[in-house]
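Beneath this line is the structure, given in structure tokens, with notes to follow.
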Amino acid sequence: MEYKFTAQNFEMEVIGSDMPVFVDFYADWCGPCKMMAPIVEKLAEKYEGKMKVGKCNIDEENQLAVRYNVMSIPTMIIFSKGEKKEVIVGATSQNDLESIIEKFI
């Protein structure tokens, strides 16, 4: 299941999560973000029960983008135990993302 992270649920779903969390900060108008969408969806399926995988629309949730210094999109951040642990900026292959994710699960 792919999560949708918002200002309303971020503290509970990301910061308070017992599992590591992969957050894709994106925008609907962003070409590279559109390229990443099916990859993020596959990651959500593959890591179901091991890691929360989801998206945060920076146009709708600008305060979260500012809070985590998202300057370019897509930016993917992995959180573990409520802390930002890894930041990946730009379109990235599924294999590269899986290699990074494996360090946290």
Side-chain contact test, heavy atoms from C-beta onward, threshold under 4.5 Å: evaluate it for Ile78 versus Met51 and give yes or no.
-> yes
Could you tell me whether Arg67 and Glu11 make a salt bridge, using a distance below 4.0 angstrom between a side-chain N and a carboxylate O?
-> yes
Pairing residues for Lys46 by the salt bridge (Lys or Arg N to Asp or Glu O under 4.0 Å) criterion, not counting sequence neighbours = Glu98
Hydrophobic clusters join Ile, Leu, Val, Met, Phe, Trp and Tyr when side-chain heavy atoms are under 4.5 Å apart, directly or via other members; which others share one with Met19?
-> none
Can you sort out the partners of Glu86 under salt bridge (Lys or Arg N to Asp or Glu O under 4.0 Å), two or more places apart, ordered by chain and number?
-> Lys103
Does the pair Thr75 and Ile88 meet the rule for a side chain to side chain contact (heavy atoms under 4.5 Å, CB included), with working shown?
-> CA-CA 6 Å; Thr75 291; Ile88 305 108; over 6 Å; no
Excluding sequence neighbours, so at least two apart, what forms salt bridge (Lys or Arg N to Asp or Glu O under 4.0 Å) with Glu45?
-> none
Would a 4.5 Å heavy-atom cut-off, applied to side chains only, mark Pro20 and Ile105 as touching?
-> yes
Val89 reachable from Leu43 in the ILVMFWY side-chain graph, under 4.5 Å edges = no
Across all chains, not counting sequence neighbours, the salt bridge (Lys or Arg N to Asp or Glu O under 4.0 Å) partners of Lys42 are none
Please check if Phe22 and Tyr3 belong to a single hydrophobic cluster, counting links between Ile, Leu, Val, Met, Phe, Trp and Tyr side chain heavy atoms closer than 4.5 Å.
-> no
Do you reckon Val87 sits in the same ILVMFWY cluster as Val21, going by side-chain contacts under 4.5 Å, direct or chained?
-> yes
Which residues, ordered by chain and number, are linked to Met12 in its hydrophobic cluster, where ILVMFWY side chains connect at heavy-atom gaps below 4.5 Å, directly or through other members?
-> none
For Phe79, ring-ring contact (aromatic ring centres under 6.0 Å, His included) partners two or more places apart | Phe10, Tyr68
Does anything in residues 72-82 pair up under salt bridge (Lys or Arg N to Asp or Glu O under 4.0 Å), and if so which pairs, sequence neighbours excluded?
-> none
Quick one: side chain to side chain donor-acceptor pair (under 3.5 Å) partners of Glu102, sequence neighbours excluded?
-> Tyr47
Charged N to carboxylate O under 4.0 angstrom, Glu83 versus Lys85?
-> yes
When the side chains of residues 52-64 are checked against the rest of the protein, which donor-acceptor pairs come out under 3.5 Å, sequence neighbours left out?
unit_1, atom_1, unit_2, atom_2, d
Lys52, NZ, Glu13, O, 3.0
Lys52, NZ, Glu13, OE1, 2.7
Lys55, NZ, Asp24, OD2, 2.8
Asn57, OD1, Asp59, N, 2.8
Asn57, OD1, Glu60, N, 3.3
Asp59, OD2, Trp29, NE1, 2.7
Glu61, OE1, Ala7, N, 2.9

Please check if Ile73 and Val23 belong to a single hydrophobic cluster, counting links between Ile, Leu, Val, Met, Phe, Trp and Tyr side chain heavy atoms closer than 4.5 Å.
-> yes
Examine Val70 and Met76 and state if one hydrophobic cluster contains both, with Ile, Leu, Val, Met, Phe, Trp and Tyr joined whenever side-chain heavy atoms are less than 4.5 Å apart.
-> no
Contacts of Ser93 meeting side chain to side chain donor-acceptor pair (under 3.5 Å) (sequence neighbours excluded), chain-then-number -> Asp96
Could you give all pairs that pass the ring-ring contact (aromatic ring centres under 6.0 Å, His included) test and reach residues 83-105, with sequence neighbours left out?
-> none
Where do Cys33 and Pro74 come nearest, in terms of heavy atoms and distance?
-> SG-N, 3.7 Å
Locate the shortest heavy-atom distance separating Asn9 from Lys4; write the atom from each residue and the value.
-> ND2-O, 2.9 Å
